[in-house]
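Below is one structure, written out as structure tokens, with a few remarks after it.
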Amino acid sequence: MSGMTTDIELVNKDGIRIDGRTAEEMRPLRIEAGVLNNADGSAYLEWGKNKVLCAVYGPRECHPRHMQNPTKAIVQCKYNMLSFSVSDRKRPGPDRRSIEISKIISEALEYVIFTENYPRASIDVYIEVLQANAGTRCAGLTAASVALADAGIPMKDLVPAVAIGKADGHIVLDLNKEEDNFGNADLPIAMIPRTGEVLLMQMDGHMTMEEFNTALEYGKKACEKVYEIQKDALKRKYSIQSEDTEEPEPTADEDHNEEGDE
Ligand code: ADP
């Protein structure tokens with residue numbers, strides 16, 4: 001609901017935002033890969049006050065069959081905001097907004113997944129927003145590509161996403177809820193840093209061409225940071241796992257002299 005007029009000061013005279021950030025400062029982002037045992041791949045993400053859980057299943061046979069594509073896998077994303085994720089209870093179940101977000105995330109992921117490797121299959125991505133504070137489509141997409149990598153699904157690259165916006169006439173990175181509600185514009189983007197390919201771009205509100213270019217510049221740099229955090233989540237998961245498996249099994253005839261260290 002960008003563009004609503006309000007008396008709230010979103011950016012003060014020193015250029016500081018209501019949560020203490022500068023214009024180009026992102027909220028803290030933490031990602032953990034492989035958090036669910038019963039999914040093929042998963043990720044949990046906290047981004048400021050957003051909390052998102054993502055589970056991936058597949059590639060598996062696509063049902064109903066009429067949805068199968070004989071040349072490639074289809075990617076089906078279900079973005080869902082839980083009823084307790086926002087301050088007023090959200091009516092459970094799909095609505096126009098979640099259907100739209102599911103569609104744009106599916107399309108962004110379909111672009112990076114080697115879907116042609118899996119004809120007739122379906123790759124199912126479930127995004128559950130446990131707590132929402134603006135930027136959940138970007139948080140969901142960011143978590144989803146980590147969960148896909150965790151599932152071992154071949155992809156061109158990870159997909160980092162971030163929203164840039166305009167609040168009190170300033171271009172600001174990673175809008176919070178107040179800035180999203182009362183700001184002038186919201187521009188979520190997803191970009192592969194390695195190639196500069198843009199996989200998602202939406203715009204709510206108005207920006208001048210110059211502001212738009214600044215926003216893209218902020219977004220590009222932020223996607224690079226998000227990308228590093230995504231890679232780090234996967235490295236942490238798999239380095240812990242390989243350390244676990246590399247540990248030699250104690251053998252029966254091993255010298256058990258637990259010599260009192262003291
Ligand atoms: P995004 O979460 O990607 O920024 P929107 O711009 O549509 O998507 O929503 C902004 C924020 O508004 C959400 O993150 C959430 O905090 C809040 N919001 C969205 N839908 C609802 C709803 N039905 N009830 C209450 N708050 C909502």
Side-chain angles (χ1 to χ4, degrees), residues 1-6 8 10 17-19 21 23 25-31 43-54 77-109 125-147 159-168 170-191 198-207 212 215-216 218-219 222-223 226 229-230:
M1 280 205 262
S2 302
M4 269 174 69
T5 51
T6 171
I8 299 177
L10 297 171
R17 296 150 73 179
I18 44 179
D19 52 15
R21 286 184 289 155
E25 198 174 334
M26 217 172 75
R27 292 174 291 184
L29 169 62
R30 191 172 73 83
I31 309 176
Y44 173 67
L45 173 154
E46 287 186 2
W47 194 335
K49 291 179 187 157
N50 290 313
K51 296 185 181 180
V52 175
L53 187 59
C54 177
C77 173
K78 284 207 176 78
Y79 164 102
N80 181 43
M81 238 166 62
L82 293 168
S83 52
F84 52 78
S85 65
V86 287
S87 45
D88 298 322
R89 178 179 177 277
K90 184 201 164 280
R91 195 162 170 265
D95 48 26
R96 280 172 59 103
R97 178 178 170 274
S98 67
I99 292 166
E100 172 221 320
I101 296 178
S102 300
K103 180 175 185 290
I104 54 138
I105 293 181
S106 298
E107 286 170 2
L109 295 174
V125 179
Y126 298 92
I127 295 171
E128 297 291 338
V129 178
L130 315 182
Q131 192 171 287
N133 193 269
T136 60
R137 72 194 63 208
C138 294
L141 179 52
T142 298
S145 66
V146 173
V159 186
V162 72
I164 315 98
K166 185 171 152 189
D168 287 351
H170 300 262
I171 296 300
V172 290
L173 178 68
D174 186 23
L175 299 181
N176 62 35
K177 181 80 172 72
E178 291 74 16
E179 292 165 342
D180 186 293
N181 280 6
F182 306 115
N184 325 103
D186 180 13
L187 173 74
I189 64 162
M191 187 190 280
V198 174
L199 308 191
L200 165 74
M201 182 180 280
Q202 296 185 293
M203 173 90 144
D204 182 14
H206 300 279
M207 282 184 195
F212 180 77
L216 269 193
Y218 282 15
C223 280
V226 172
I229 297 170
Q230 288 177 306

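Positions are given from 1 along the sequence. First listed ligand is number 1; within each ligand, the first listed atom is number 1.
- Every atom of ligand 1 is numbered from 1 in the order shown, and the set under 4.0 Å from a heavy atom of Ala132 is 14 (O), 15 (C), 16 (O).
- Near Asp180, the atoms of ligand 1 lying under 4.0 angstrom from a non-hydrogen atom of the residue are 4 (O), 6 (O), 10 (C).
- Contact annotation for Lys177 and ligand 1: only side-chain heavy atoms (C-beta onward) come within less than 4.0 Å of the ligand.
- Atom CD1 of residue Ile105 and atom CZ of residue Arg137 lie 8.0 Å apart, to the nearest 0.5 angstrom.
- Take Arg96 and apply the side chain to side chain contact (heavy atoms under 4.5 Å, CB included) test, not counting sequence neighbours, and it matches no residue.
- Of the candidates Glu100, Glu128, Lys103, Arg97, Tyr79 forms a side-chain hydrogen bond (donor to acceptor under 3.5 Å, both in side chains) with just one, namely Arg97.
- Taken from CG in Leu175 to CZ in Phe182, the straight-line distance is 13.0 Å, to the nearest 0.5 Å.
- Here the side chains of Leu130 and Tyr44 are in contact, with some heavy-atom distance below 4.5 Å.
- Between Ile101 and ligand 1, a contact under 3.5 Å exists for no N or O pair.
- Gln230 has its side chain within reach of Pro160: a pair of non-hydrogen atoms, C-beta onward, lies under 4.5 Å apart.
- An N or O contact shorter than 3.5 Å is missing between Asn181 and ligand 1 by distance.
- Only the side chain of Val86 comes within 4.0 Å of ligand 1, counting heavy atoms alone; its backbone N, CA, C and O stay farther away.
- Taking only nitrogen or oxygen atoms, main chain and side chain alike, Thr136 reaches within less than 3.5 Å of ligand 1.
- Distance CG/Asn50 to CZ/Arg27: 5.0 Å, rounded to 0.5 Å.
- An N or O contact shorter than 3.5 Å is missing between Tyr79 and ligand 1 by distance.
- The closest approach between Ala134 and ligand 1 falls below 4.0 Å for a heavy atom of the residue.
- Residue contacts with ligand 1: Met81 is included, with a non-hydrogen atom under 4.0 Å away.
- In this structure, CH2 on Trp47 lies 7.0 Å from CG on Leu45, to the nearest 0.5 angstrom.
- With a heavy-atom cut-off of 4.0 Å, Asp186 touches ligand 1 through its side chain alone.
- At under 3.5 Å, a nitrogen or oxygen of Arg137, whether backbone or side chain, sits near a nitrogen or oxygen of ligand 1.
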